[in-house]
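Read the structure below first, then the notes.
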Number of protein chains: 2
Amino acid sequence: MNDTAIRDPELTRARILESAFELFVDKGFAAVSVREIAERSEVTKSLIHHHFGGKEGLWEAVKEQAFARYYQGQKEELTRAERPGPELLMNGVVRYFEFLRDNPGVVRLFAWAHMEGDSSCSERDGQLVGLGAERVRQAQEKGLLRADVNPTHVVTIFVSLCTQWFEAREHHIDWPGMGTDDEFLDDFLKVFMEGLLPRPDQPKA
Amino acid sequence: MNDTAIRDPELTRARILESAFELFVDKGFAAVSVREIAERSEVTKSLIHHHFGGKEGLWEAVKEQAFARYYQGQKEELTRAERPGPELLMNGVVRYFEFLRDNPGVVRLFAWAHMEGDSSCSERDGQLVGLGAERVRQAQEKGLLRADVNPTHVVTIFVSLCTQWFEAREHHIDWPGMGTDDEFLDDFLKVFMEGLLPRPDQPKA
DNA sequence: GCATTAACTGGCCGACCGGTCAATTGCTGT
DNA sequence: ACAGCAATTGACCGGTCGGCCAGTTAATGC
């Protein structure tokens with residue numbers, strides 16, 4: 001009657017994914033209804049089912065789209081051949097920090113996924129941490145980092161810190177005395193990197 | 001007919017709160033139904049409404065019960081008069097770490113509350129961090145801790161690390177190379193306490 | 001003992017949930 | 001041109017949601 005009604009399934013899928021992403025980020029899986037997503041992306045509920053098989057399938061697709069880029073980038077970062085040492089570690093931390101800062105939606109989606117016990121995330125996380133830990137171990141062997149700490153713990157420390165900073169950002173950003181993102185990163189690196197220096201006074205406690 | 005049907009509103013409230021706590025911890029607010037809670041605590045749905053005014057009211061009551069003890073304990077800890085310094089800071093971290101280790105349900109409930117943007121939590125958190133930061137600042141003035149880092153950031157670092165460790169515990173606990181709770185705490189204290197020592201080489205950069 | 005109050009029950013409500021299905025409509029290959 | 005297929009629609013399903021209300025029953029105060 002009125003509209004030309006052209007069809008573009010790719011665009012439709014993309015619109016659904018985007019709306020779903022925003023809503024899931026905001027409220028989590030359980031608190032979002034398929035109707036809500038349909039309304040925001042201006043498609044019918046049935047169409048979502050057609051493209052993604054249902055609410056669960058859409059949730060998985062949203063997570064996959066959001067995390068794929070992250071995992072790929074981090075993996076490339078970590079397998080890139082550079083000589084390990086404090087600078088490499090620090091650069092890794094900075095890049096990780098900046099990625100989270102620039103992708104707050106991904107951070108929150110990650111948090112929701114973790115809360116509901118998503119296992120595929122933690123498997124891939126584990127691989128990334130393993131790669132990072134290996135780089136730390138190499139640096140320890142060369143005497144560039146103190147050797148009396150578990151390399152996996154070192155990676156976990158800075159990943160946890162970056163993650164928690166941005167997960168709780170909206171809560172603590174206006175606490176008295178709290179600095180900006182960059183100021184926090186500076187302070188954290190100051191303490192962390194110097195705490196990781198080889199111990200010249202007592203090389204093997 | 002059969003049962004004596006004695007009434008104990010206190011116990012009833014407690015049973016409801018306990019069941020609700022377990023379910024909310026497990027699945028979060030949105031994914032738990034009032035019927036579920038009623039069934040587990042062996043009362044009727046209506047009775048929950050009678051005692052707590054509804055699902056939302058029960059959620060608030062559960063959070064309050066879970067967090068009250070935590071906030072009180074931490075506040076006492078932080079206002080106790082001890083001379084500030086590295087040992088006090090380290091003891092505070094250890095006690096906080098152990099509290100989270102011994103109360104995994106509270107950790108998860110906290111995480112859910114944070115995700116859905118609970119503001120009363122973050123207000124009280126802010127007060128606690130403020131108290132801790134003041135102690136760090138005093139230690140800095142006395143030259144017991146390096147003075148070129150923001151005290152609020154120092155506290156945030158420790159809190160974030162403990163929090164994130166236990167929030168993500170089930171995911172990373174069996175990653176290759178990952179140690180136990182105590183081993184992680186040891187390593188993390190090693191790095192940060194030494195990173196926080198006053199800089200003798202360059203006292204004021 | 002008897003009235004008042006609070007604890008407690010079962011049933012019901014309208015709203016919304018995710019999912020299904022038959023039917024329509026626009027593309028696409030031949 | 002037309003067959004086949006995927007995209008898309010709207011109506012409908014059984015089930016569950018949180019909440020409400022009228023009634024019943026146990027404690028409590030006088």
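First the proteins, then the strands, lettered A, B, ... as listed; each starts at 1. Quick caveat: nothing in here was measured; it's all calculated off a predicted structure.
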Check: Which residues pass the side-chain hydrogen bond (donor to acceptor under 3.5 Å, both in side chains) test with A/D26, sequence neighbours left out?
Finding: none
Next item on the list: Could you check how far CD1 of A/I6 sits from P of D/dT9, rounded to whole Å?
Entry: 13 Å
Margin query: Just the rounded figure in Å: distance from C1' of C/dT9 to CD1 of B/I48.
Written below: 13 Å
For residues 15-23 of chain B, dump all side-chain donor-acceptor pairs below 3.5 Å to protein atoms at least two apart in sequence or in another chain.
| residue | atom | partner | partner atom | Å |
| --- | --- | --- | --- | --- |
| B/R15 | NE | B/S41 | O | 3.2 |
| B/R15 | NH2 | B/S41 | O | 2.7 |
| B/S19 | OG | B/R15 | O | 3.1 |
| B/E22 | OE1 | B/R40 | NH1 | 2.4 |

Notebook entry, point to check: What's the closest nucleotide to the B/S46 side chain, out of D/dG10, C/dC8, D/dC21?
Noted result: D/dC21
Note to self: Any residue in residues 55-62 of chain B with a heavy atom nearer than 4.0 angstrom to DNA chain C? Just list them by number, or reply none.
What the structure shows: none
For residues 51-62 of chain B, please give each side-chain donor-acceptor pair under 3.5 Å, one per line with the distance, not counting sequence neighbours.
| residue | atom | partner | partner atom | Å |
| --- | --- | --- | --- | --- |
| B/K55 | NZ | B/F29 | O | 3.1 |
| B/K55 | NZ | B/V32 | O | 2.7 |
| B/W59 | NE1 | B/E116 | OE2 | 2.7 |
| B/E60 | OE2 | B/K63 | NZ | 3.4 |

Check: Listed in order of residue number, which residues of residues 23-39 of chain B have a non-hydrogen atom at under 4.0 Å from DNA chain D?
Finding: B/V32, B/S33, B/V34, B/R35
Next item on the list: Calculate, to the nearest 0.5 Å, the distance between atoms CG and CD1 belonging to B/D181 and B/I173 respectively.
Entry: 5.5 Å
Next item on the list: Measure the spacing between NE2 of B/H172 and OG1 of A/T152 and express it to the nearest 0.5 Å.
Entry: 11.0 Å
Check: With respect to the phosphate group of C/dA7, does any side-chain polar atom (N or O) of B/H50 fall under 4.0 Å of OP1 or OP2?
Finding: yes
Check: Between C/dA6 atom P and B/R13 atom CZ, what is the distance in whole Å?
Finding: 14 Å
Check: Does B/T12 place a side-chain N or O at less than 4.0 Å from the phosphate oxygens OP1/OP2 of C/dA7?
Finding: no
Checklist line | Euclidean distance, atom CG of residue A/L47 to atom P of D/dT9 [Å, nearest integer] | finding: 6 Å
Check: So, B/E134 and B/R137, do they make that salt bridge, N to O below 4.0 Å?
Finding: yes
Item checked: Whole-Å distance separating the CD atom of A/E10 from the P atom of C/dT28 -> 12 Å
Determine all donor-acceptor pairs shorter than 3.5 Å in which one atom belongs to a side chain in residues 85-100 of chain B; sequence neighbours excluded.
| residue | atom | partner | partner atom | Å |
| --- | --- | --- | --- | --- |
| B/N91 | ND2 | B/E87 | O | 3.3 |
| B/R95 | NE | B/E77 | OE1 | 3.0 |
| B/R95 | NE | B/E77 | OE2 | 2.2 |
| B/R95 | NH2 | B/E77 | OE2 | 2.5 |
| B/Y96 | OH | B/T163 | OG1 | 3.3 |

Notebook entry, point to check: If every non-hydrogen atom of A/W112 is compared with every non-hydrogen atom of A/K27, which pair is closest and at what distance?
Noted result: CZ2-C, 3.6 Å
Checklist line | Sole candidate of A/F192, A/W175, A/F184, A/F188 that passes ring pair (Phe, Tyr, Trp, His ring centres under 6.0 Å) when paired with B/H153 | finding: A/F184
Checklist line | Side-chain N or O of A/H49 closer than 4.0 Å to phosphate OP1/OP2 of C/dC21 | finding: no
Note to self: Measure CZ/A/R7 against P/C/dT25 and give the value in whole Å, please.
What the structure shows: 9 Å
